[in-house]
Colleague: 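Structure in structure tokens, see below.
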Amino acid sequence: MTFGRTSIGRSVARTGQFLKRELWIWPIVAVIVLAIVGYGINLSIKSTMEESLKSQLQTLLQVESSMLEKWLRIQEGNAQSLANSPKIRTNVEQLISASSTKVGAEEIEMQPALDAAKIRTLLEHDISPSISSAGFTGYVIVDKQQVVIASSNMELLGQSASQYEDYLSQALEGKATISAPFASAVMMKDSSGRVRTGVPTMFACAPIRDQNLQVIAVLAMRIRPEREFTQILQMAQIGKTGQTIAFDKTGLLVSNTRFDEELILLGLLPDLEYSQSILTISMRDPGGNMAQGFRPKVRRAELPLTQMAASAIAGNSGVNVSGYRDFRGVPVVGAWTWLPEYQLGVATEMDYAEAFRPLTILRWAFFSLFGLLILSSIAIFLFTLSIARLQREAQKAAVEARQLGQYHLENRIGAGAMGVVYKGHHAMLRRPTAIKLLNIENVTEAAIARFEREVQITCKLTHPSTIAIYDYGRTPEGVFYYAMEYLDGIDLQKLVDKYGPQPPGRVIYILKQMCGSLYEAHSLGLVHRDIKPANVMINRRGGEPDVVKVLDFGLVKAIDEQDQARSAGLSGTPLYMSPEAIQTPDLVDACSDLYAIGAVGYYLLTGQTVFTATTLVELCQQHVASVPALPSQRLGVTFSPELECALMACLEKSRAKRPQTARDLLTMLNRAAVGYPWSLDDADVWWGRHERSLLSAANATGTPNLGSSGASLAESSRGTAAPTMQPTPPTSTSGFDRTIHHQPDDQRPSV
């Protein structure tokens, strides 16, 4: 048999009580909930921003790329229009013819050279108007051998143009094209008017055809890329860091950026007046953010291309809003495409930090709120501890002051699992009263609820053998208490421990009064669940001796109780628990209390418990399966069959075989009492003999027994009279006379 039934209702109830009690936990709960909600909102906002950013970048890239392609085609068309001009075609044919005339070694004819010069002059005259109107800055005419035969720059005449074969070859094949920007090899003016080499330039090339439509030369019109080419790319810029750039198939930047000043400070551009990013910066990934001080360990030429450049040069178009490093190493978002016709890559980029600045602000707002909530929870926790400490100090002070509302405390007379009991009196009535205080260290919602439950249940009972409750309440300091009748007798545990087994007549007399108390409780649908010698006292009350008082209704259970949150655990005292209280603790009934009465009677009669064991599991096994020995067999003394029958009937394993009510047991005890008289005179003799020693011992020790939960109010100490029967040696059941309160499932013994 395994004790263990998981109760979801009990777990929920305990959780609710915990949350109500621990107020400081709510800010932490709020932090956790807000963190989860914030994380979800963050993901949602980030996803929305990423989609919006993707669309924005792609749209801007498409617009910029379309404008750039349109401009490139216009320049191609302008060059093609000039190349198709009849005058230019005629002059170029004559120039090629004049340039190809061979001069003899012995006879020198100057006419061909003069003709070539005249033709170049005519070409210059024909081309110049178009140069200014189309935005060109010069021209070059190259024959089929890629030799310059005419140019606005006389230094180029007769030079080979084979280094520009990539785009010249396309024109020689009959297709107009435009080159990517490159650094000039000859001296020419830059944008500042300085004459130097390496000035960014590009050519719009178109084939020149003869009368037979055969390509005889290429007209290349010079363009300054930093003008319209770069301006087109810079027409639309997002925020402070957004830009559109172009690069060639080697990853070399062929347009200017908006970061030239920053690039000089980073050392990527020389600190010169004419320094520009165009044709200087390579789209290489430094491996870290150079704007934050990172410096690569290898030369720039050895660095890999940026993720964007590598993808574009491979011919791919894409967009990345998760973030990647640009040529500065700064995290950026971007979209890119490759223009295969012109061998150019175009990309629109923006710093990641700026792109997601609204999200960053939102995150900081959440983090600030988290911080405030955490600080609030810490402050509330510390405040709670402080209040709890002050409350405990106030409670202790109230107890130390010996004043509890209308009650004056005199001396402490006992302590139990739930509380401490003081002897006192009402300020007005002056009646001796036992005042039970809930332990200050145990002030929890569960303890308070159980404390109130014990009072409310006990107040319903009016039988003379049930302890009477006078009052209940709490002080302004939060001390919970209830006042009950003060008992100066002795509980049955101490009675047997001190005076040994009791006479059968007295045992019957005591059990009959217990039956009366429990019959009233059972009639109200209540089961005590913890009947044991320590929870029953005999007293001298109103001049009557041997008046029984049943105590400690803290574990009482309503028979028709639907809420099993409190009763689903193992509850009671193992030495006096019925088999069903061990096997199915939530199904105990009146017969379970009668089993305990039989065990108490057995103990009073023999001075020994029904079963002895060394472990709790062994003890429980005996209650469930073992048949107890008759009292007469235990002591070797003969008892009447009626008395033994009454006790053994209570100890039956099956509830059906036990007396069904306390009144049925009372009838059996009345029959057994015939042969064992116990009169008031007998009781008076006993009390007359022992009362003085009981009172003096109680006053000396001031620590009466409180039973398992502190409901008992007095204890007898050592007396001087000889016991009626010799007590038996102590058994090995030490500790099993303590009450078990709702033992958790995983700690219950298995039988």
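If you're wondering where the values come from, they're calculated on a predicted model, not measured in any experiment.
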Colleague: Between the side chains of Asp326 and Arg284, is the shortest nitrogen-to-carboxylate-oxygen separation below 4.0 Å, so that they form an ion pair?
Modeller: no

Colleague: For the pair Tyr164 and Phe182, name the ring-plane relationship: parallel under 30°, tilted 30 to 60°, perpendicular over 60°.
Modeller: tilted

Colleague: Report yes if the side chains of Thr241 and Phe259 come closer than 4.5 Å at any heavy-atom pair, otherwise no.
Modeller: yes

Colleague: Just by distance, do the side chain of Ser44 and the backbone of Gly40 share a donor-acceptor pair under 3.5 Å?
Modeller: no

Colleague: Determine the minimum heavy-atom distance between Ile281 and Leu252, stating which atoms define it.
Modeller: O-CD1, 3.5 Å

Colleague: Salt-bridged, Glu226 to Arg224, with N to O below 4.0 Å?
Modeller: yes

Colleague: For the CG atom of Asp248 and the CE atom of Met283, what is their distance to the nearest 0.5 Å?
Modeller: 10.5 Å

Colleague: Does Arg209 reach the main-chain N or O of Asn84 with its side chain, forming a donor-acceptor pair under 3.5 Å?
Modeller: no

Colleague: So how far is it from Leu172 CG to Leu168 CG, rounded to the nearest 0.5 Å?
Modeller: 6.5 Å

Colleague: Any non-hydrogen side-chain atom of Asp285 less than 4.5 Å from a side-chain atom of Gln307?
Modeller: no

Colleague: Give the minimum heavy-atom separation between Gln243 and Gln237, together with the two atoms involved.
Modeller: CA-CG, 4.4 Å

Colleague: Determine, stepwise, if the pair Arg325 / Val330 fulfils side-chain contact (heavy atoms from CB on, under 4.5 Å).
Modeller: CA-CA 5 Å; Arg325 287 186 295 270; Val330 176; over 6 Å; no

Colleague: Give me the atom names and distance for the closest heavy-atom approach of Ala176 to Gln80.
Modeller: CB-OE1, 3.4 Å

Colleague: Under 3.5 Å, side chain of Asn256 to main-chain N/O of Ile278, donor-acceptor pair present?
Modeller: yes

Colleague: Would you tell me whether Asn153 and Ser151 have side-chain atoms, one donor and one acceptor, within less than 3.5 Å of each other?
Modeller: no

Colleague: For Ala312, does its backbone N or O pair with a side-chain atom of Asn316 as donor and acceptor, under 3.5 Å?
Modeller: no

Colleague: Please report the C-alpha distance between Val218 and Ile208 in whole Å, then the side-chain angles of each, then the deciding distance to 0.1 Å, and finally whether the side-chain contact (heavy atoms from CB on, under 4.5 Å) criterion is met.
Modeller: CA-CA 6 Å; Val218 173; Ile208 300 175; over 6 Å; no

Colleague: Examine distances only and state if a side-chain atom of Arg89 and a backbone atom of Ala83 form a donor-acceptor pair shorter than 3.5 Å.
Modeller: no

Colleague: From Glu64 CD over to Ile245 CD1, what is the distance, rounded to the nearest 0.5 angstrom?
Modeller: 11.5 Å

Colleague: Identify the heavy atoms of Pro286 and Pro296 that sit nearest to each other, and give their distance.
Modeller: O-CB, 3.7 Å

Colleague: Answer yes or no: is there a donor N or O on one side and an acceptor on the other, between the side chain of Gln159 and the main chain of Glu155, under 3.5 Å?
Modeller: yes

Colleague: Considering only heavy atoms from C-beta outward, does the side chain of Thr280 approach that of Leu253 to under 4.5 Å?
Modeller: no

Colleague: Between Ser275 and Pro270 (side chain of the first, backbone of the second, donor and acceptor by atom type, cut-off under 3.5 Å), is there such a pair?
Modeller: yes

Colleague: Check for a donor-acceptor pair, side chain of Ser169 on one end and backbone N or O of Glu165 on the other, with a separation under 3.5 Å.
Modeller: yes

Colleague: Taking the side chain as C-beta and beyond, is there a heavy-atom pair between Phe136 and Ile223 under 4.5 Å?
Modeller: yes

Colleague: Classify the side-chain pair Trp338/Ser317 by whether it contains a donor and acceptor separated by less than 3.5 Å.
Modeller: no

Colleague: Do other residues, nucleotides or ligands put more than 12 heavy atoms under 6.0 Å from the CZ atom of Phe294?
Modeller: yes

Colleague: Using side-chain heavy atoms (C-beta onward) and a distance below 4.5 Å, is Ser322 in contact with Tyr324?
Modeller: no

Colleague: Mind listing the closest non-hydrogen atom pair of Leu263 and Ser277 along with its distance?
Modeller: CD1-CB, 4.0 Å

Colleague: Are a donor atom and an acceptor atom from the side chains of Thr348 and Thr244 found within less than 3.5 Å of each other?
Modeller: yes

Colleague: Say you draw a straight line from CG of Leu61 to OG of Ser66; how long is it, rounded to the nearest 0.5 Å?
Modeller: 8.5 Å

Colleague: Run Trp71 and Ile232 through side-chain contact (heavy atoms from CB on, under 4.5 Å) and show every step you take.
Modeller: CA-CA 9 Å; Trp71 179 82; Ile232 289 173; 3.3 Å; yes

Colleague: Grab the two heavy atoms, one from Ala355 and one from Leu53, that are nearest each other, plus how far apart they are.
Modeller: CB-CD2, 3.7 Å

Colleague: Should Thr59 and Ser55 count as side-chain neighbours, where that means a heavy-atom distance under 4.5 Å?
Modeller: yes

Colleague: Does any non-hydrogen side-chain atom of Val186 lie less than 4.5 Å from one of Leu156?
Modeller: yes

Colleague: Quick one: pull up OG in Ser65 and CG in Leu344 and give me the separation to the nearest 0.5 Å.
Modeller: 10.0 Å

Colleague: State whether the number of non-hydrogen atoms from other residues, nucleotides or ligands found under 6.0 Å of Gln62 atom CD is greater than 12.
Modeller: no

Colleague: Do the side chains of Met221 and Ile127 get nearer than 4.5 Å, heavy atoms only?
Modeller: yes

Colleague: When you measure from the side chain of Thr230 to the backbone N and O of Pro225, does any donor-acceptor pair fall under 3.5 Å?
Modeller: yes

Colleague: Apply side-chain contact (heavy atoms from CB on, under 4.5 Å) to Val140 and Phe203, showing your working.
Modeller: CA-CA 9 Å; Val140 173; Phe203 284 104; 4.1 Å; yes

Colleague: Working to the nearest 0.5 angstrom, can you tell me the gap between Gln211 CD and Ile216 CD1?
Modeller: 9.5 Å

Colleague: Would you say the side-chain atoms of Thr257 and Asp260 include a donor-acceptor pair closer than 3.5 Å?
Modeller: yes

Colleague: Using the salt bridge (charged side-chain N to carboxylate O under 4.0 Å, His left out) rule, collect all pairs that involve residues 331-357, keeping only residues at least two apart or in two chains.
Modeller: Arg73-Glu341, Arg328-Asp351

